[in-house]
Amino acid sequence: MDKYSSSEATIPKNSKESAALEKAGYAEVSSVVGSENKPIEFTPWPEVFAERYREKGYWIDCPLTQVLKENSVSQPYATAIVCGNRHVSYWELDALSDRLANSLLRRQLKKYDTALVQLPNVVEFYIVFFALLKIGVVPVNAIFNHQRLELNAYAAQIKPKLLIASSQHNLFQSGEFAEALKNQHEQLKHVLILGSNDYAENLSDCMALKQKKSIDFQPTEPDQVAFFQLSGGSTGTPKLIPRTHNDYFYSIRRSVDICRFTDKTRYLCALPAAHNFSLSSPGVLGVFYAGGTVVLAPDPEAINCFNLIENHQVNVVALVPPAVSLWLKALPNHVRKIRSLKLMQVGGANFAQAVAFDVLKHFGCQLQQVFGMAEGLVNYTRLNDPEGSIVASQGRPMCPDDEIKIVDENFEPVDCGETGMLLTRGPYTIRGYYQSAEHNKTAFTRTGFYCTGDLVQQMSDGNLQVVGRVKDQINRGGEKIATEEIENLLLQHEEIVHAALVAIPDEVMGEKSCAFVVTNNQNLRPIKIRQFLRAQGVAEYKLPDKFQLATHLPLTPIGKIDKKKLREFTQPQPTTQFA
Ligand code: AMP
Ligand code: DBH
């Protein structure tokens with residue numbers, strides 16, 4: 001079931017929304033030429049597990065493209081996406097991605113080629129995603145606020161043949177960066193840019209040509225990699241997460257079940273489109289699967305979102321905790337606008353109980369906590385859980401075959417209710433990061449459990465509370481920062497001798513970052529260090545919020561920087577000395 005036909009040959013004749021498409025020209029149907037690529041490497045689930053996951057109906061051996069296909073046939077004129085004043089129907093979304101898919105085939109892109117994609121929250125994000133899935137080109141979807149450093153790191157790992165980006169992004173306003181990427185990565189042959197530009201082909205032109213007759217597209221096999229998800233990471237280089245059709249499709253279907261998404265769901269997508277939460281928990285793909293409508297917002301800015309909720313009668317939204325706090329602040333003068341809202345999902349970072357109560361009180365809608373990870377496991381509070389569990393816990397695994405262990409530092413199970421590290425394996429949790437043999441040895445146990453790095457407690461009703469973490473990561477309101485990545489960048493500054501990044505508490509963001517820096521220039525100013533980091537092309541949210549100059553850093557008995565001790569020194573003081 002990994003082959004299916006494009007639908008444009010059977011354009012529904014009376015579609016109003018299809019009028020613009022009908023006017024467009026026709027493209028020649030291409031045939032795939034060239035030799036086959038090898039499938040993308042990934043760590044497979046052992047056969048006994050794969051068998052069980054199929055037997056239980058989790059894996060249905062169907063490509064992810066099916067998420068869209070069913071509704072593009074059964075309700076072609078229903079609105080799939082609202083983006084500004086564009087209303088895109090299911091049929092139109094499918095047809096536009098067919099066209100792009102065909103246009104990419106004509107450029108000789110082939111199954112198991114890879115693509116680096118960076119688009120904001122616009123319809124084209126999904127057109128591109130489905131087009132690539134249809135022809136088996138495996139993308140990494142970078143987050144829109146990623147910069148040169150992150151894009152380079154992804155390109156170095158996947159060696160993309162295709163780059164799709166937006167001229168709205170500072171990196172792609174001129175052709176300089178795309179050219180540099182091409183020079184650095186010789187296999188990168190095709191650059192498509194959304195929006196006006198004078199250096200590359202326009203993405204929209206690739207969707208303008210209509211097909212004369214339907215052609216067979218060939219996604220990658222359902223048990224193979226469909227696309228790469230991004231890890232927040234805790235190491236120097238960001239890790240890529242290979243997700244298969246089988247595992248991702250299951251996580252979407254099960255999420256739709258648990259969150260009760262239907263064709264009446266009107267979902268506001270205000271978090272970055274590429275984020276696992278807004279893509280699949282149940283996210284936009286869940287809405288497409290259920291046949292509902294997605295309303296796109298560029299970001300979670302409260303007033304714009306309230307207006308979108310009112311104008312499009314949005315009934316579900318997914319937010320990270322800092323956005324919830326900002327919405328609560330902005331709400332008093334806008335309460336009437338959010339009356340249609342029935343469910344607010346909150347996840348990605350620690351969510352304070354007091355704020356959870358405020359949501360129930362002031363938004364008057366149902367609250368659902370979501371504790372997920374791009375590596376797989378997603379926990380939800382259930383819609384019929386008692387209020388006490390919903391405000392105090394981050395939910396429980398969505399699948400009966402999600403295995404979890406809560407263990408101490410010797411990997412021995414802790415007593416019920418005690419704090420321990422969360423380990424997990426299951427039908428949609430990866431068994432290894434992409435091309436990371438060394439890191440995988442510690443990120444996964446020998447029996448295939450993923451070490452999440454999260455410290456949790458299990459409550460008597462089975463729900464989990466996230467109480468901390470052991471991984472070297474800062475969670476800045478849902479945006480993850482691998483401390484090692486920033487420390488390595490700081491150490492490249494010639495006046496910085498030692499550097500350590502630690503989390504500091506912040507009322508709105510939950511955590512912010514503080515860089516402790518030992519320098520041989522006591523006049524080194526934060527503004528200069530920030531400039532230095534920016535010049536290295538790192539995303540803005542990873543820049544330390546605060547700097548502390550120090551003469552030296554405290555060490556643990558085995559000689560590692562003692563970050564626990566550093567956290568005790570995060571109160572404002574100009575210079576810190578460590579005994
Ligand atoms: P990533 O692996 O980058 O997708 O990030 C997933 C991580 O985000 C989890 O392992 C947790 O550390 C954190 N996280 C996600 N959801 C929650 C939540 N609801 N509460 C606390 N932490 C969360
Ligand atoms: O933080 C996350 O990565 C996350 C949060 C909620 C996630 O991946 C998800 C839901 O699926």
Side-chain angles (χ1 to χ4, degrees), residues 141 143 146 150 228-235 238-241 243 247-248 250-252 254-256 258-259 269 271-286 317-324 344-353 355-356 367-381 389-399 402 404 421-424 426 428-430 433 439 443-444 450-457 463-483 485 503 509-511 541-542:
N141 294 308
I143 304 285
H146 281 154
E150 289 84 13
F228 291 102
Q229 201 31 290
L230 305 174
S231 150
S234 53
T235 58
K239 297 278 176 282
L240 294 176
I241 298 170
R243 300 293 304 249
D247 87 75
Y248 212 67
Y250 170 69
S251 87
I252 293 163
R254 181 65 183 146
S255 295
V256 164
I258 286 180
C259 304
C269 175
L271 298 178
H275 196 284
N276 203 51
F277 187 10
S278 40
L279 193 62
S280 70
S281 296
V284 170
L285 297 184
V317 66
L319 294 176
V320 287
V324 178
M344 181 187 287
Q345 299 183 290
V346 182
N350 181 45
F351 188 43
Q353 259 194 59
V355 184
L367 174 68
Q368 179 178 50
Q369 295 213 39
V370 190
F371 161 38
M373 49 206 77
E375 289 80 356
L377 180 71
V378 182
N379 302 274
Y380 292 105
T381 56
S389 295
I390 292 176
V391 295
S393 88
Q394 282 64 59
R396 56 187 178 276
M398 65 170 157
C399 173
D402 279 324
I404 62 168
M421 300 185 290
L422 177 67
L423 313 181
T424 184
Y428 61 99
T429 297
I430 56 158
Y433 289 103
H439 180 63
F444 296 84
Y450 167 55
C451 306
T452 64
D454 293 312
L455 288 172
V456 302
Q457 288 176 355
N463 279 10
L464 302 173
Q465 280 179 319
V466 184
V467 297
R469 80 182 75 94
V470 289
K471 56 191 165 190
D472 233 342
Q473 187 183 73
I474 294 169
N475 191 333
R476 195 177 182 278
E479 292 185 307
K480 320 298 184 321
I481 305 166
T483 56
E485 186 184 14
M509 303 302 280
E511 291 173 15
Y541 69 88
K542 296 183 186 171

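One-based numbering, in listed order, for ligands and for the atoms of each.
- By the 4.0 Å heavy-atom criterion, Asn276 is excluded from the residues contacting ligand 1.
- Taking a cut-off of under 4.0 Å to the non-hydrogen atoms of Asn475, the atoms of ligand 1 that pass are 13 (C).
- Any N or O atom pair closer than 3.5 Å counts here, and Ser281 shares at least one such pair with ligand 2.
- The closest donor-acceptor contact from the side chain of Gln394 to the backbone of Val466 lies under 3.5 Å.
- Annotation for Arg243 and Ser251: closest pair NH2-OG, 4.2 Å, computed over non-hydrogen atoms.
- A salt bridge (charged side-chain N to carboxylate O under 4.0 Å, His left out) with Glu485 is found for one member of Lys480, Lys239, Lys542 and no other, namely Lys542.
- Considering all non-hydrogen atoms of both residues, Met398 and Ser255 come closest at SD-OG, 3.5 Å.
- Numbered from 1 in the order shown, with element, the atoms of ligand 1 that lie under 4.0 Å from a heavy atom of Gly347 read 19 (N).
- Set against the non-hydrogen atoms of Val370, the atoms of ligand 1 under 4.0 Å away are 16 (N), 18 (C), 19 (N).
- At least one N/O-N/O distance between Glu375 and ligand 1 falls below 3.5 Å.
- Of all atoms in ligand 1, listed by their number and element, those nearer than 4.0 Å to a heavy atom of Ser231 are 3 (O).
- Judged by distance alone, with hydrogens and angles left aside, the side-chain atoms of Gln353 form no donor-acceptor pair with the main-chain N or O of Ala392 at under 3.5 Å.
- At a heavy-atom cutoff of 4.0 Å, ligand 1 is contacted by the side chain of Gln394 but not by its backbone.
- The proximity of Asp454 to ligand 1, defined as any non-hydrogen pair under 4.0 Å, is limited to the side chain.
- Distances shorter than 4.0 angstrom do not occur between any heavy atom of Gln369 and any atom of ligand 1.
- When non-hydrogen atoms are compared, ligand 1 lies under 4.0 Å from the backbone of Ala374 as well as from its side chain.
- Between Gly233 and ligand 1, a contact under 3.5 Å exists for no N or O pair.
- Residue contacts with ligand 2: Met373 is placed with a nitrogen or oxygen under 3.5 Å of a nitrogen or oxygen of the ligand (distance criterion only).
- At least one donor-acceptor pair closer than 3.5 Å links the side chain of Ser231 to the backbone N or O of Gly233.
- Side chain to side chain, Tyr450 and Glu375 meet the donor-acceptor criterion of an N or O pair below 3.5 Å.
- Distance check, rounded to the nearest 0.5 Å: CG of Leu285 to OG of Ser278 gives 9.5 Å.
- Regarding atom 1 (O) of ligand 2, its nearest protein heavy-atom neighbour is Lys480 NZ, 2.8 Å.
- Taking each of Gly372, Gly232, Ala349 in turn, the one with a heavy atom nearest to atom 20 (N) of ligand 1 proves to be Ala349.
- Once rounded to the nearest 0.5 Å, the distance linking CE of Met509 with CG of Asn475 reads 9.5 Å.
- Around atom 17 (C) of ligand 1, the closest heavy atom drawn from Gly468, Pro238, Gly348 belongs to Gly348.
- Using a 4.5 Å heavy-atom cutoff, the side chains of Asn350 and Pro321 are not in contact.
- In terms of N/O distances under 3.5 Å, ligand 1 is not approached by Val466.
- A donor-acceptor pair is defined here as one N or O able to donate and one able to accept, closer than 3.5 Å; such a pair exists between the side chain of Gln368 and the backbone of Thr381.
- In this structure, Lys471 is part of the shell of residues with a heavy atom less than 4.0 angstrom from ligand 1.
- When each atom of ligand 2 is checked for a heavy atom of Val370 under 4.0 Å away, the hits are 6 (C), 10 (C).
- At least one heavy atom of Lys480 sits closer than 4.0 Å to an atom of ligand 1.
- The two residues Ser280 and Tyr380 make their nearest non-hydrogen contact at O-OH, 4.4 Å.
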